[in-house]
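Please read the structure below before turning to the comments.
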Amino acid sequence: MDVEEVFEFYRTEFVPAYSDLVGYIGDKPCQMVIELENTFAHISQYFNPELDIQDKDKNLAKAYDHLVRVTLDCYKLLWVNIHEELEVIEKDESIRKLGLNISETEFLTKFQKLRKLAQEARGMEMASVGLAPIESLDKYKEVVKESYELIGAMDKNKIQEIKSLKRFVSTKEFIVGIIVGLISGYLLHLFTASPAP
């Protein structure tokens with residue numbers, strides 16, 4: 001491995017993963033910044049004139065490993081965030097039935113396949129610890145790609161209307177509950193306060 005390969009990985013793999021994550025969640029997670037700092041520290045040691053070639057190569061390999069790790073973490077965190085959104089749909093029957101541009105059955109089937117794909121990616125990651133994490137990286141990319149397609153089936157306007165309607169119904173039920181309670185209390189007071197004949 002040479003330094004050009006590390007920077008090539010940075011440009012072609014890390015930057016798209018990090019951009020997707022930050023763009024999707026609207027935040028720069030602290031762990032990602034720490035991993036980037038570690039990567040940079042090792043790359044700077046690669047250019048340290050006081051180190052011999054073996055130590056420089058070790059630092060370059062460590063920089064690459066940190067870069068692969070942070071790229072994997074970007075895809076995993078992105079999946080977690082998308083998964084949470086998909087779970088909201090899965091658990092809310094009215095959104096499943098009315099807030100999607102695909103059938104409820106198709107959504108549930110695709111979501112189940114997506115979970116299986118994510119499990120496969122995690123299995124590959126665990127099996128390749130210390131060996132070849134690139135294989136699991138490709139699998140996580142596939143998970144995210146499929147996730148985007150499924151999240152794209154959401155009709156945000158319909159979902160917003162459903163949520164507004166639910167708030168309206170909840171407020172209306174609350175007000176009706178208060179009125180019924182007041183009337184019941186008043187009637188109870190009338191019947192218990194009137195003298196018995």
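Owing to the predicted nature of the structure, the values given are computational and were not obtained by experimental measurement.
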Residues forming a ring-ring contact (aromatic ring centres under 6.0 Å, His included) with Y64, sequence neighbours excluded: F9
Checking salt bridge (charged side-chain N to carboxylate O under 4.0 Å, His left out) for the pair R69/D73: CA distance, chi angles, key distance, verdict? CA-CA 6 Å; R69 175 83 262 147; D73 288 348; 3.3 Å; yes
Closest non-hydrogen atom pair between M1 and L60, with its separation: O-CD2, 3.8 Å
With a cut-off of under 6.0 Å to the ring centre and 45° to the axis, is R115 in cation-pi contact with F111? yes
What closest approach, in Å, do P29 and L77 show between heavy atoms, and which atom pair accounts for it? CG-CD2, 3.5 Å
Kindly determine whether K113 and E146 satisfy salt bridge (charged side-chain N to carboxylate O under 4.0 Å, His left out), including the steps that lead there. CA-CA 10 Å; K113 286 180 183 174; E146 298 289 326; over 6 Å; no
K56 to N48 - nearest heavy-atom pair and separation: CE-O, 3.1 Å
For E13 against T71, the heavy-atom pair lying closest together: O-CG2, 3.7 Å
Take L36 and F14, measure what side chain to side chain contact (heavy atoms under 4.5 Å, CB included) needs, and give me the verdict at the end. CA-CA 10 Å; L36 285 175; F14 170 73; 3.5 Å; yes
Between L86 and L114, is a side chain to side chain contact (heavy atoms under 4.5 Å, CB included) present by the stated rule, with each step listed? CA-CA 10 Å; L86 293 171; L114 191 53; 3.8 Å; yes
Residues at least two apart in sequence or cross-chain that pass side-chain contact (heavy atoms from CB on, under 4.5 Å) with K145, listed by chain then number, are E149
Correct closest heavy-atom pair for R122 and Y140 would be CA-OH, 3.3 Å
Can you confirm whether more than 12 heavy atoms, excluding those of F40, are under 6.0 Å from its CZ atom? no
Closest contact, heavy atoms only, A121 versus S136: O-CB, 3.9 Å
Tell me if a side-chain donor or acceptor on N59 pairs with a main-chain N or O of D55 at a distance below 3.5 Å. yes
Would you please say whether a donor-acceptor pair under 3.5 Å links the side chains of Y24 and E85? yes
Rounded to the nearest 0.5 Å, what's the gap from SG on C74 to CG on L78? Could you check? 8.5 Å
Is there side-chain contact between K116 and Q112, with heavy atoms separated by less than 4.5 Å? no
